[in-house]
Every structure is written in C-alpha cells, then in structure tokens.
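Let me begin by presenting the structure, written as structure tokens, before commenting on it.
A note on names: the letters A, B, ... follow the listed sequences, proteins ahead of strands, and every chain is numbered from 1. Scope of the values below: all heavy atoms of this structure, side chains included, with no hydrogens, waters or symmetry mates.
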Amino acid sequence: MDISLTNSATRKKERFTPLDPGNVRMYVCGPTVYDRAHLGNARPVVVFDVLYRLLRHVYGPEHVTYVRNFTDVDDKINARAAESGRAIGEITAETTQWFLDDMGALGALEPSIRNGADHERAMPRATQYIAQMVAMIEALIDKGHAYAAEGHVLFAVDSWTDGYGRLSGRSVDDMIAGARVEVAPYKRNPMDFVLWKPSSVDLPGWESPWGRGRPGWHIECSAMAEALLGKTFDIHGGGNDLMFPHHENEIAQSCCANGTEKMAQVWLHNEMLQVEGKKMSKSLGNFFTVRDLLDQGVPGEVIRFVMLSTHYRKPMDWTEKKAKEARGHLAAWDRLKRHGLSQELSALQLAELVDENVIDALCDDLNTSGAINRLFEMAAAAKTSELDSRQLRSFFATLEFLGFKNLDVERLQRRSAIETAHEKAVLKAHQHSLIEARAEAMQSKDFSEVDRLKAALTAAGVEVRMSKTDVELVEGPDFDPSKLEDLA
RNA sequence: GGCGGGUUGGCGGAGAGGUUACGCAGCGGAUUGCAAAUCCGUGUAGACCGGUUCGAUUCCGGUACCCGCCUCCA
C-alpha cells in the first residue's frame with residue numbers, strides 16, 4: 001500500500017517513504033486568526049484532513065503526527081484590534097475557536113501528536129513559541145544568514161543563493177527584476193525579508209537582543225515545525241499561494257538555521273478555490289465564509305463532498321449546482337443507511353471495513369474524486385444487498401473514514417433536537433392514522449380521507465412517502481408542526 | 001515580465017496507448033390509487049496543428065484560449 005504524492009519541490013509524483021514509519025510527521029500552515037475562515041481557507045484543511053486520515057490508516061493512528069499552527073501575532077490582527085477597540089487576545093481566542101468549530105463542521109479531525117491525542121500541542125500558537133523564534137534568529141545571525149539593522153533583523157537571501165527560490169522555481173535575480181517588494185533602506189538585497197521587527201509601545205512586543213519587537217511572518221512556522229516535528233520532517237502542506245514567499249522563506253530560515261538540506265521531504269500545495277468560475281473576492285461580491293454557508297443550511301458534509309470531488313491540484317469551483325448535487329447524493333445515502341443498517345457501526349469495525357479501492361485511489365496522489373467515484377460503485381452494490389450486509393457496512397464505514405459521518409443533510413433546517421423529538425412523536429401519530437386511513441381506502445376505494453391527511457401533512461412541510469407496505473413521514477426543510485395542530 | 005496550472009460529451013469530472021468511466025440533467029420503461037423513493041435501459045466527448053505508433057482523448061513538440069501566484073487574500 002504505497003502512497004505517492006506530487007512533490008512541489010521536485011514537481012514530480014513520488015513514492016512516499018517516511019523518514020520514520022513509527023512517527024510520520026506532517027505540518028500544515030494554519031490560519032492567521034483575525035476573522036472567520038472563508039471557503040478558500042477550508043480547502044487545504046479538508047485536503048490535508050484526508051491525507052491525515054490516509055496516513056493514519058496506512059501507518060496506524062499512533063504513528064502519525066499532524067501539526068497545524070495558529071498564527072496569533074500579525075499586523076492584520078493588530079489592525080483589527082485598533083479599529084474595533086477590542087483586545088488582541090480576545091480577538092485571537094474568539095477567532096481560533098470559530099476556526100475549530102467551522103472546520104469541525106466540515107468533518108476535519110483536529111491535528112494530533114502521534115497517539116491521536118494532545119490536540120492542543122498539535123495546534124501551537126505562535127505567541128507560545130517566541131523564545132524558539134528568537135533562538136532561531138540568533139542562530140541565523142551567527143551563521144551569517146541574517147543581520148540586524150535599525151531594530152529589524154533580516155534574512156540575507158544572498159547568503160543562500162543555492163537554495164533560495166528553488167521551491168518556487170525563481171532565482172533571486174529574476175525576482176529582483178520584477179520586484180514589487182518594499183525597498184527599505186536598511187535592506188542589503190531588496191529580496192531580504194523580515195525576521196524580527198521593532199514594536200512601538202502600543203503594539204504587542206517581546207524583549208529580544210534587538211530590542212522590544214515582534215516576529216515577521218514566516219518565522220513562526222519554522223520555529224514551531226522544528227519544535228514539534230524536528231529539523232527535517234515528512235510533509236509540509238498549504239495552499240499554493242503560500243509557495244512564494246511564505247514557504248520559500250520558511251525553507252530558507254529552517255535549512256540555514258538548522259544546517260539541513262531539506263526542511264520537509266515532500267511539499268504539497270493545493271490549488272485555489274473559485275466561486276462560480278471566478279476568484280472569490282469581496283469586490284466581486286462572491287466572498288463568503290464557511291459559517292455563512294452553514295448558517296444558510298448548507299451542511300459541512302455537503303461542503304466537504306464538493307471539495308473532495310475535485311482533485312487538490314486543480315482549481316476547485318464552488319457552485320450552487322454542485323452543492324445541490326452533493327446534497328442529493330448524501331441524502332440518498334442517508335436513506336440507504338436508514339433502510340440498510342440496523343445499528344451504527346462500532347469503532348472497531350470501521351477500520352477493517354474501509355474499502356481498499358478507495359484507499360488505492362487516495363494512495364494515488366490523493367485522488368479524492370476517484371475515491372468518490374468508487375463510492376458510487378459501492379452504493380450501487382450495497383443497494384441491492386441484504387440488511388446489514390458487508391457491502392452496506394463497508395460502504396458506510398468508508399464514508400465515515402472519508403469524514404462523512406452525519407449524512408442527514410436536512411438537519412440544519414430543522415428545529416433543535418428536543419423539538420425534533422417532540423415532532424417525531426407527533427408525526428408517529430399521524431403516520432398511524434394515515435396507514436389506517438389508507439387500509440380502509442384500499443377497501444372502500446374512497447381515498448378522500450387519505451388525500452386530506454396527506455395534503456395537510458404536505459402543507460405543513462412533511463414529505464409523505466408511501467410504499468406498498470409502509471408509510472414514511474419525513475420532516476422537510478419547511479416543516480412547521482403548528483400547522484398540524486388542528487389536524488384530526 | 002517571471003513561475004505554475006488547465007482546456008474531455010448539455011453540465012460536473014476521472015482513469016487507461018487499443019475494450020461502458022462515473023455522477024447530474026435529458027429521454028424511454030418498470031413499480032405506484034396519486035406523489036415521492038427505488039429499479040432497468042439509453043444518446044451526446046476529448047481546444048487546434050504536427051510527430052511517434054499497427055493504433056492516441058491517453059506519449060512528444062508547437063499554436064490558441066482560460067486561470068492562479070509573484071501585491072503578507074490559503
């Protein structure tokens with residue numbers, strides 16, 4: 001069961017061989033916490049969640065470490081605090097929890113250290129690693145890769161011309177030619193980037209050998225990755241817009257400070273997300289967050305399905321139509337589950353029931369759309385099998401493995417759980433009267449009473465499904481129980 | 001200007017050098033008191049120009065068009 005992945009560093013699909021199969025280590029760049037995650041932010045989370053699940057399946061959950069940071073020191077956060085008058089810590093804590101809630105709704109597992117636990121440590125906050133950043137910057141200065149100037153510390157790209165630009169396929173000369181970088185007078189080379197910058201009293205800052213200041217962007221990932229995963233680890237992931245400069249700079253910092261050849265063995269980058277064929281942007285008015293969709297009644301599973309239906313290295317287009325189709329598929333599978341499984345699968349069963357063809361698809365450079373196609377095949381076979389058949393159990397185990405646990409896509413539109421329970425009892429009563437009425441009507445051939453009940457139920461937003469032997473009542477999105485009160 | 005990705009049937013979207021992708025929609029049928037759900041069947045492809053080959057949508061080269069990044073927006 002070999003995994004192959006397209007390594008951005010070599011631009012080739014390569015067989016994945018962990019440095020230490022006993023501890024496969026992956027780092028994914030997490031959010032800067034100043035606002036709700038938008039849909040584009042969700043893509044790498046979902047993509048790398050699938051990879052995490054695959055690695056756990058192949059190497060064992062206790063042999064995989066997945067780290068994803070929260071960057072909670074950044075000028076965007078400072079700006080947000082300044083304009084809102086709120087405390088920075090309040091903003092970052094709130095936004096961090098939003099992120100966890102929203103990504104959890106998408107079925108994403110929380111990162112963890114090896115044993116599937118220790119989520120807190122696997123989601124490090126930049127502000128908890130300032131000391132490690134300072135130490136790394138000092139090492140860079142000692143080795144001649146960085147210099148202090150006017151309260152700043154800068155990385156000297158000319159000190160590492162062999163390595164700098166290798167990931168993104170640019171040379172320092174090329175970049176200078178079309179440079180749009182800030183040309184600060186204290187920079188030796190215009191491409192030099194900030195490792196540390198001075199903070200005025202009104203900005204967050206930490207004491208350092210270069211005075212009170214704060215870290216530049218990039219250094220937090222280098223420091224946290226080293227602290228939690230070591231100087232060289234297996235996989236580093238993120239959106240492809242991070243390839244330059246963020247990842248390029250991370251590599252420069254880590255390799256030069258640690259004296260290593262590589263920061264990560266494999267670099268993975270997902271393509272960007274579009275909305276209805278266009279880049280998502282505030283100016284086009286097609287910008288929305290994951291929470292916006294959830295609030296509109298689009299469940300996380302639908303978002304996840306749409307995300308996984310496009311390969312991670314291709315642009316992914318979010319469209320209403322795709323969301324609608326995804327909802328339809330999940331709803332059909334939910335019906336299949338209610339009729340096909342008499343009980344939930346145990347955790348023990350889950351791992352062994354995961355379909356090998358789905359695993360094979362994922363092993364082939366994370367071919368998630370191939371995996372979904374396999375799901376359709378499995379569903380077709382499962383449909384015609386007996387109650388609790390292996391096909392059915394395997395199908396739903398595989399769905400759960402892929403992060404689709406709750407297939408009830410209409411649930412967001414319904415009332416709270418307590419109300420739902422009450423509604424179920426009400427519906428049960430109506431279901432019985434409908435069954436009786438129909439039985440009578442079958443004899444008398446007078447269906448007026450059946451039609452009356454059915455019409456009333458439909459008007460109240462209940463879907464009435466009649467089969468030869470049974471009557472099923474399902475609350476639809478517009479279900480309003482009050483409309484059933486005067487129904488006899 | 002530099003770097004990278006893409007172009008498949010009405011739509012979405014894969015794999016494979018030669019055999020049905022699949023899904024949605026459409027159409028036909030079965031089932032059904034009606035309606036759902038479900039089942040069966042079915043048409044439509046591979047941007048353009050060359051090359052390699054017995055044979056390419058699949059490999060190689062070129063052209064056109066589209067898109068992203070290089071602007072701390074993932």
Side-chain angles (χ1 to χ4, degrees), chain A residues 6 8 11 28-32 34-35 37-45 47-48 71 74-76 79 165 167-171 173-182 191 193-194 216-218 237-249 269-274 277-283 287 305-306 309-311 313-317 319 321-322 324-326 328-329 331-332 335-336 338-339 361 364 367-377 379-380 383-384 438 441-442 444-448 450-451 454-455 458 463-468 470-472 474 476:
Chain A
T6 299
S8 308
R11 287 136 212 270
V28 175
C29 291
T32 297
Y34 70 103
D35 207 350
H38 65 246
L39 194 62
N41 294 312
R43 191 173 188 198
V45 173
V47 164
F48 292 108
T71 296
D74 184 277
D75 288 348
K76 284 197 296 280
L167 176 70
S168 51
R170 306 148 195 250
S171 72
D173 290 343
D174 285 345
M175 288 187 276
I176 292 170
R180 300 193 204 178
V181 293
E182 175 195 4
M191 295 308 296
F193 56 92
V194 173
W217 189 39
H218 321 303
N240 76 352
D241 58 332
L242 290 181
M243 209 159 155
F244 185 88
H246 186 58
H247 290 160
E248 199 71 74
N249 293 356
H269 293 96
N270 62 276
E271 252 293 345
M272 298 293 98
L273 174 129
Q274 300 181 320
K278 296 206 168 70
K279 178 179 170 155
M280 184 164 80
S281 73
K282 286 178 180 166
S283 57
F287 181 96
F305 189 101
V306 173
S309 63
T310 299
H311 186 92
R313 281 190 299 109
K314 284 194 164 189
M316 130 105 235
D317 194 14
T319 63
K321 191 175 175 217
K322 283 183 180 177
K324 195 177 164 213
E325 284 188 14
H329 292 133
R335 282 191 293 275
L336 181 61
R338 282 189 284 128
H339 293 292
D364 180 15
N367 185 353
T368 51
S369 64
I372 285 180
N373 289 329
R374 171 62 188 157
L375 288 177
F376 285 112
E377 283 181 36
K383 273 175 197 167
T384 54
R438 186 170 66 150
M442 291 293 225
S444 66
K445 298 292 172 197
D446 174 11
F447 286 92
S448 58
V450 179
D451 287 337
K454 194 181 152 187
T458 306
E463 196 180 327
V464 180
R465 298 173 183 167
M466 292 190 183
S467 66
K468 205 163 190 173
D470 197 20
V471 170
E472 207 178 343
V474 179

Interatomic distance where [atom1] belongs to [X] and [atom2] belongs to [N] [whole Å]:
X	N	atom1	atom2	answer
Gln274(A)	rG68(B)	CD	P	6 Å
Asp241(A)	rG68(B)	CG	P	12 Å
Met316(A)	rG68(B)	CE	P	15 Å
Ile372(A)	rG12(B)	CD1	P	17 Å
Lys383(A)	rC39(B)	NZ	P	4 Å
Lys322(A)	rG13(B)	NZ	C1'	8 Å
Phe193(A)	rC70(B)	CZ	P	16 Å
Arg43(A)	rC73(B)	CZ	C1'	16 Å

Original post:
Would you say the side-chain atoms of Gln274(A) and Asp317(A) include a donor-acceptor pair closer than 3.5 Å?
Top reply: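 Asp317(A) and Gln274(A) do not have a side-chain donor-acceptor pair below 3.5 Å.
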Presence of Lys76(A) side-chain N/O under 4.0 Å of rC73(B) phosphate oxygens OP1/OP2: yes
Review point. Looking only at heavy atoms, which two atoms of Val45(A) and Asn41(A) are closest? And how far apart?
Key: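 Distance-wise, the nearest heavy atoms are CG2-O, 3.5 Å.
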Between Thr310(A) and Thr368(A) the two heavy atoms that sit nearest each other are O-OG1, 3.7 Å
Quiz prompt | Partner set under salt bridge (Lys or Arg N to Asp or Glu O under 4.0 Å) for Asp451(A), not counting sequence neighbours | solution =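 Expected list: none.
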Considering only the [atom1] atoms, how many Å lie between [N] and [M], rounded to the nearest integer?
N	M	atom1	answer
rC11(B)	rC48(B)	P	15 Å
rU52(B)	rC39(B)	P	49 Å
rG55(B)	rG18(B)	P	14 Å
rU63(B)	rG6(B)	C1'	16 Å
rC27(B)	rU19(B)	C1'	26 Å
rC34(B)	rA16(B)	P	48 Å
rG13(B)	rU57(B)	C1'	15 Å
rA45(B)	rG51(B)	C1'	24 Å

- Message: Which label fits Phe287(A) and His38(A): parallel for a plane angle under 30°, tilted from 30 to 60°, or perpendicular past 60°?
- Response: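 Ring orientation of Phe287(A) relative to His38(A): perpendicular.
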Name the orientation class of the two ring planes belonging to His269(A) and His247(A) (parallel below 30°, tilted from 30 to 60°, perpendicular beyond 60°).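 Rings of His269(A) and His247(A): tilted, as their planes differ by 30° to 60°.
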Looking at the side chain of [X], which of [options] is the nearest nucleotide?
X	options	answer
Pro315(A)	rG5(B), rC70(B), rC73(B)	rG5(B)
Ser369(A)	rA14(B), rC73(B), rG12(B)	rA14(B)
Met442(A)	rG33(B), rA37(B), rC67(B)	rG33(B)
Arg11(A)	rA74(B), rG4(B), rC70(B)	rG4(B)
Lys314(A)	rC11(B), rC70(B), rU7(B)	rU7(B)
His329(A)	rA14(B), rG23(B), rA74(B)	rG23(B)
Glu325(A)	rC69(B), rG6(B), rG23(B)	rG23(B)
Val450(A)	rG33(B), rG68(B), rC72(B)	rG33(B)
Lys321(A)	rA14(B), rG33(B), rG10(B)	rG10(B)
Met466(A)	rG33(B), rC22(B), rC72(B)	rG33(B)

Return yes if the base of [N] and the side-chain atoms of [X] contain a donor-acceptor N/O pair under 3.5 Å, otherwise no.
X	N	result
His311(A)	rA14(B)	no
Lys454(A)	rC34(B)	yes
Asn373(A)	rA21(B)	yes

Working to the nearest 0.5 Å, report the span between [atom1] of [X] and [atom2] of [Y].
X	Y	atom1	atom2	result
Glu271(A)	His311(A)	CD	NE2	10.5 Å
Asp241(A)	Met272(A)	CG	CE	4.0 Å
Trp217(A)	Asn249(A)	CH2	CG	8.5 Å

Which part of the nucleic acid, if any, lies within reach of [X] when heavy atoms closer than 4.0 Å are counted: base, sugar-phosphate only, or nothing?
X	value
Tyr34(A)	sugar-phosphate
Arg465(A)	base
Ser309(A)	sugar-phosphate
Gly40(A)	base
Asp364(A)	nothing

- 5' precedence on RNA chain B between Arg313(A) and Phe376(A) (nearest-nucleotide basis):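 Residue closer to the 5' terminus by nearest nucleotide: Arg313(A).
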Identify all stems in which RNA chain B takes part, counting only runs of at least 3 consecutive pairs (Watson-Crick or G-U wobble, each distance under 3.5 Å), and give each as one range with another, ordered by first number.
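Stems for RNA chain B, defined as runs of 3 or more consecutive pairs: B:1-7 with B:64-70, B:10-12 with B:22-24, B:26-30 with B:38-42, B:47-51 with B:59-63.
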query = Are Phe447(A) and rG33(B) stacked, counting the six-membered base ring, centres under 5.5 Å, planes under 30°?
reply =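 Aromatic stack with rG33(B) present for Phe447(A).
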**Asked** Is Glu325(A) salt-bridged to Lys322(A), cutoff N-O under 4.0 Å?
**Response**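 Not counted as a salt bridge, because no side-chain N and carboxylate O are separated by less than 4.0 Å.
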